[in-house]
Amino acid sequence: SLLGQRTSTPSLAIALGLTLFLAASPVMQLRAADSPTAEKDKAQELLELFQGEGNVTNSLDAVMVWIPAGYRVAKTEVTQARYQEVVGRNPSKFKGPSRPVEQVSPAEAKAFCRQLTEREHEAGTLPKSFAYGLPSEQEFDNYVANTPLDTAFVSLIGDRVETIAVASLPPNPLGLHDVRGNVWEWCQGAVARGASYQSHEDYLAPSFRFVGNPDMRTPIAHALAWPD
């Protein structure tokens, strides 16, 4: 069986993705003495927004969907346009501003999350107690659960030849698009999950995973943010 852990890149893994995750921190809080009253009020208002349970939209115009487990996940995979806006380049094989970025290593995915975090902290659009990053496998499993294959861009018989624009298919029950299919997604620990446009048979199992290395670019797409 192909189910379980892989330590090498599957032959079907051509596109890799990234997911934004957002969660509140019980440690870092803004204090009244940290800034003048007007700035303090604005920062407190922003913090309360992110500590709430609604969706928020970030500086890339990406909707961060509230997940009942207590964090937020981007509604779609990170697009090439959004990745290029932050990093300044587009490494993808299948070009298109609305297509998911791919050909990004775990190290590059983390760098993207770090740069976006720093940019939003400096602009005052993200509370200091939040940071973008990659999801853990447990978090990935939580928001991918109950996602049917009829909302996933996969091959079934291995006949797909390229990615498609994000959100081309309906979302899963939590309101997230492409958590299965289109491109593989990096999780913490350089583990790729979720399958791609070429995946079929056992590669489509929600539990399928393979382990890469920090510089592997073949399997990136949703982006995840949590407290520093």
Side-chain angles (χ1 to χ4, degrees), residues 1-6 9-23 53-57 62-80 82 92 94 96 98-102 109 134-188 191-212 218-225:
S1 171
L2 295 176
L3 298 180
Q5 177 172 314
R6 283 271 179 165
T9 308
S11 60
L12 299 178
I14 295 179
L16 278 164
L18 153 82
T19 302
L20 288 167
F21 170 95
L22 204 57
E53 297 184 359
N55 296 351
V56 298
T57 301
V63 176
M64 304 299 297
V65 177
W66 171 257
I67 305 299
Y71 51 80
R72 293 180 177 87
V73 177
K75 186 176 182 178
T76 72
E77 298 159 324
V78 174
T79 64
Q80 295 174 31
R82 288 168 177 159
S92 304
F94 305 114
S98 296
R99 293 192 187 201
V101 67
E102 20 95 2
L134 301 178
S136 67
E137 288 195 77
Q138 181 178 358
E139 289 158 343
F140 181 87
D141 287 334
N142 182 61
Y143 62 76
V144 173
N146 303 318
T147 300
L149 278 177
D150 61 6
T151 65
F153 187 66
V154 295
S155 286
L156 300 183
I157 60 173
D159 57 340
R160 303 286 190 189
V161 297
E162 60 184 82
T163 62
I164 59 174
V166 302
S168 293
L169 296 176
N172 75 353
L174 292 173
L176 307 176
H177 296 269
D178 301 316
V179 293
R180 297 180 70 185
N182 213 4
V183 297
W184 290 92
E185 301 186 9
W186 286 122
C187 293
Q188 296 175 32
V191 175
R193 300 287 301 275
S196 76
Y197 67 94
Q198 278 195 322
S199 299
H200 63 287
E201 298 179 343
D202 284 348
Y203 289 98
L204 297 177
S207 60
F208 184 86
R209 66 198 292 272
F210 72 89
V211 180
T218 48
I220 179 174
H222 279 96
L224 194 164

Does [X] reach the main-chain N or O of [Y] with its side chain, forming a donor-acceptor pair under 3.5 Å?
{"X": "R160", "Y": "S155", "result": "no"}
{"X": "N172", "Y": "L176", "result": "yes"}
{"X": "Q188", "Y": "E137", "result": "no"}
{"X": "Q80", "Y": "G96", "result": "yes"}
{"X": "T151", "Y": "L169", "result": "no"}

Should we say atom CG of D159 is surrounded by more than 12 heavy atoms from elsewhere, each under 6.0 Å from it?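 Buried by this count: over 12 neighbours within 6.0 Å.
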* Could you give me the CA-CA distance, side-chain angles and deciding distance for V183 and Q198, then say whether side-chain contact (heavy atoms from CB on, under 4.5 Å) is met? => CA-CA 9 Å; V183 297; Q198 278 195 322; over 6 Å; no
Compare every heavy atom of [Y] with every heavy atom of [X], then report the nearest pair and how far apart it is.
{"X": "M64", "Y": "A74", "result": "CE-N, 3.6 Å"}
{"X": "P135", "Y": "W186", "result": "CD-O, 3.9 Å"}
{"X": "V191", "Y": "R209", "result": "CG2-NH2, 3.4 Å"}
{"X": "A165", "Y": "S168", "result": "O-OG, 2.7 Å"}
{"X": "E102", "Y": "F94", "result": "OE2-N, 2.9 Å"}

task = Decide yes or no on side-chain contact (heavy atoms from CB on, under 4.5 Å) for R193 and D141, but give the supporting numbers first.
result = CA-CA 9 Å; R193 300 287 301 275; D141 287 334; 2.5 Å; yes
### Message
When you compare the side chain of L204 with that of L149, does any pair of heavy atoms fall below 4.5 Å?
### Response
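Result yes, sub-4.5 Å side-chain heavy-atom pair found.
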**Prompt:** Is any side-chain heavy atom of V101 less than 4.5 Å from a side-chain heavy atom of T79?
**Reply:** no
Per side chain to side chain contact (heavy atoms under 4.5 Å, CB included), R72 is matched among V63, N55, I67, V56 by V56
Approximate separation, where rounding is to 0.5 Å, of [X] [atom1] and [Y] [atom2]:
{"X": "S207", "Y": "D202", "atom1": "OG", "atom2": "CG", "value": "9.0 Å"}
{"X": "E162", "Y": "N182", "atom1": "CD", "atom2": "CG", "value": "10.5 Å"}
{"X": "N146", "Y": "L174", "atom1": "CG", "atom2": "CG", "value": "8.0 Å"}
{"X": "S199", "Y": "R180", "atom1": "OG", "atom2": "CZ", "value": "10.0 Å"}
{"X": "T57", "Y": "K75", "atom1": "OG1", "atom2": "NZ", "value": "9.0 Å"}

Under 3.5 Å side-chain donor-acceptor pair for N142 and Y71: yes
Centres of the Y203 and F208 rings: under 6.0 Å?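 Yes; F208 has its ring centre under 6.0 Å from that of Y203.
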Checklist entry - Does the pair R99/E77 count as a salt bridge with the N-to-O cut at 4.0 Å? => result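 Result for this pair is no, no salt bridge flagged.
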